[in-house]
Amino acid sequence: FFFKQKTAYEIPKRDWSSDVCSSDLHGLGRRRISIFARNAYRHGVLGRFIGLAHAVARLHGVRPRDLLKAESLADQRRFFEEALSPLFDRPVVRWATERRLSLYGLGIPPAQYEALAGGRSMGAVLRERIERLACSFSLTDNYFTWQAFGRGYGRGEAPLPPYLRREQFDIVRARVERVEVRLTSITEHLTSLPASSRDRYVLLDAQDWMTDLQLNALWRQITRTARPGARGIRSEEHTSELQSRFGISYAVFCLKKKK
């Protein structure tokens, strides 16, 4: 599943232009690694967007992290109905959710906006999504809720993703040599690989941000490099509109996958 590699955070010099000196590379590597000590989940577009949402909620007298004090699904539902849901009726929140640009921080690309809205206001859609996150799963199981409302994973018995659990550490460390960091697009990387040489492709929602030209260039390379029986993982949010943009290469890949 993973590409073969050296160390988890090593950045090969060959991936950089020749006018970048080694001291610059080491400095960049240190800054990137240090982000984990500063809570990586508070950085990046999404991390800062969530931080801004927390700030807006506090200005209206609501502390989102108080949801994590709930002891049952009923408590979680009560907090949503009494504290979180009314926020979406506030003028500033209605104003923000009506503007597509402000939603890019949540990772909602143009290709998904209309499909998600379904004729409703985006505020109603986001309220529904927050309700599901806050009310549908127990806090003992849902580490996504801890990230969104606590801005970090909990301690003690709080849930963690499998790869962060203590019992998985030795496995992750033993396999770190399989990871390779490349500073390039996936299409460019696949172009450099021989035909019929790969078994798995993890795309998630990257395709939603691509133009038709980029999308079909990617699938030409996936189809070229895929072995018979290859598999791909993509986001559940893919819409029929996005799939309609796939060219003949996607159909060929599906045929190879069935072999």
Side-chain angles (χ1 to χ4, degrees), residues 1-2 7-9 30-88 90 92-93 96-97 102-108 116 123 125-176 179 181 202 204-206 233 235-237:
F1 208 94
F2 296 96
T7 63
Y9 305 110
R30 284 194 298 272
R31 288 196 298 274
R32 286 188 170 183
I33 292 173
S34 70
I35 199 173
F36 292 98
R38 294 180 279 121
N39 192 343
Y41 298 100
R42 291 176 178 260
H43 298 269
V45 176
L46 179 58
R48 292 187 171 92
F49 185 94
I50 293 175
L52 177 61
H54 275 243
V56 171
R58 288 195 299 272
L59 286 174
H60 290 90
V62 177
R63 285 172 44 88
R65 68 172 54 250
D66 286 346
L67 173 75
L68 304 177
K69 299 176 182 178
E71 298 181 353
S72 67
L73 285 173
D75 289 343
Q76 292 170 223
R77 166 66 61 182
R78 189 176 303 109
F79 183 82
F80 172 78
E81 297 290 352
E82 296 177 359
L84 297 176
S85 182
L87 287 174
F88 289 92
R90 299 285 187 169
V92 66
V93 176
T97 56
S102 67
L103 299 176
Y104 291 173
L106 281 175
I108 300 177
L116 282 174
V125 174
L126 293 179
R127 190 197 307 249
E128 184 179 277
R129 294 296 182 96
I130 294 297
E131 179 181 8
R132 177 174 172 79
L133 182 63
C135 305
S136 298
F137 307 94
S138 170
L139 295 177
T140 60
D141 302 319
N142 190 3
Y143 46 81
F144 293 109
T145 302
W146 284 86
Q147 273 297 334
F149 294 97
R151 305 208 65 204
Y153 295 122
R155 300 182 181 275
E157 299 300 319
L160 289 171
Y163 62 89
L164 289 180
R165 294 172 187 166
R166 184 178 297 275
E167 63 269 23
Q168 301 290 347
F169 177 76
D170 289 338
I171 297 175
V172 173
R173 181 170 59 181
R175 296 178 181 178
V176 73
V179 180
V181 176
V202 182
L204 300 182
D205 61 350
I233 299 176
S235 171
E236 294 181 358
E237 297 293 343

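For clarity, every value in this text was computed on a predicted model and none was experimentally measured.
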One should read off an interatomic distance between Ile171 CD1 and Arg165 CZ, to the nearest 0.5 angstrom, of 11.5 Å

Value for OG1 (Thr140) from CD (Glu71), rounded to nearest 0.5 Å, stands at 12.5 Å

Arg155 meets the side-chain hydrogen bond (donor to acceptor under 3.5 Å, both in side chains) criterion, sequence neighbours left out, with none

For Arg77, the side-chain hydrogen bond (donor to acceptor under 3.5 Å, both in side chains) test, sequence neighbours excluded, returns Glu81, Glu131

Exercise for review: Ignoring hydrogens and angles, tell me if any N or O in the side chain of Arg127 forms a donor-acceptor pair with the backbone of Leu87 under 3.5 Å.
Suggested key: no

Rounded to the nearest 0.5 Å, the OG atom of Ser136 sits from the CD atom of Gln76 at a distance of 9.0 Å

**Message:** Is the shortest side-chain heavy-atom distance between Pro159 and Phe144 below 4.5 Å?
**Reply:** no

Next on the checklist: Go through it in stages, so that I can follow the logic: the residues are Phe149 and Leu84, the test is side-chain contact (heavy atoms from CB on, under 4.5 Å), and I'd like the CA-CA distance, side-chain angles, deciding distance and then a yes or no.
Outcome noted: CA-CA 11 Å; Phe149 294 97; Leu84 297 176; 3.6 Å; yes

* Where do Val56 and Arg90 land on the side-chain contact (heavy atoms from CB on, under 4.5 Å) test, with the steps shown first? -> CA-CA 10 Å; Val56 171; Arg90 299 285 187 169; over 6 Å; no

Looking only at heavy atoms, the pair that brings Thr145 and Leu133 closest together is OG1-O, 3.0 Å

Taking every heavy atom of Gly123 against every heavy atom of Phe88, the minimum-distance pair comes out as O-CD2, 3.8 Å

Verdict with supporting geometry, His54 and Ile50, side-chain contact (heavy atoms from CB on, under 4.5 Å)
CA-CA 6 Å; His54 275 243; Ile50 293 175; 3.7 Å; yes

One should read off an interatomic distance between Phe169 CZ and Tyr163 OH, to the nearest 0.5 angstrom, of 14.5 Å

Open item on the list: Is it the case that over 12 heavy atoms from other parts of the model lie below 6.0 angstrom from the CD atom of Glu157?
Closed with: no

Taken to the nearest 0.5 Å, the spacing of Cys135 SG from Leu73 CG works out to 8.5 Å

What one should report as the nearest heavy-atom pair of Pro161 and Tyr153 is CG-OH, 3.2 Å

Rounded to the nearest 0.5 angstrom, the CG-CH2 distance for Leu139 and Trp146 is 6.5 Å

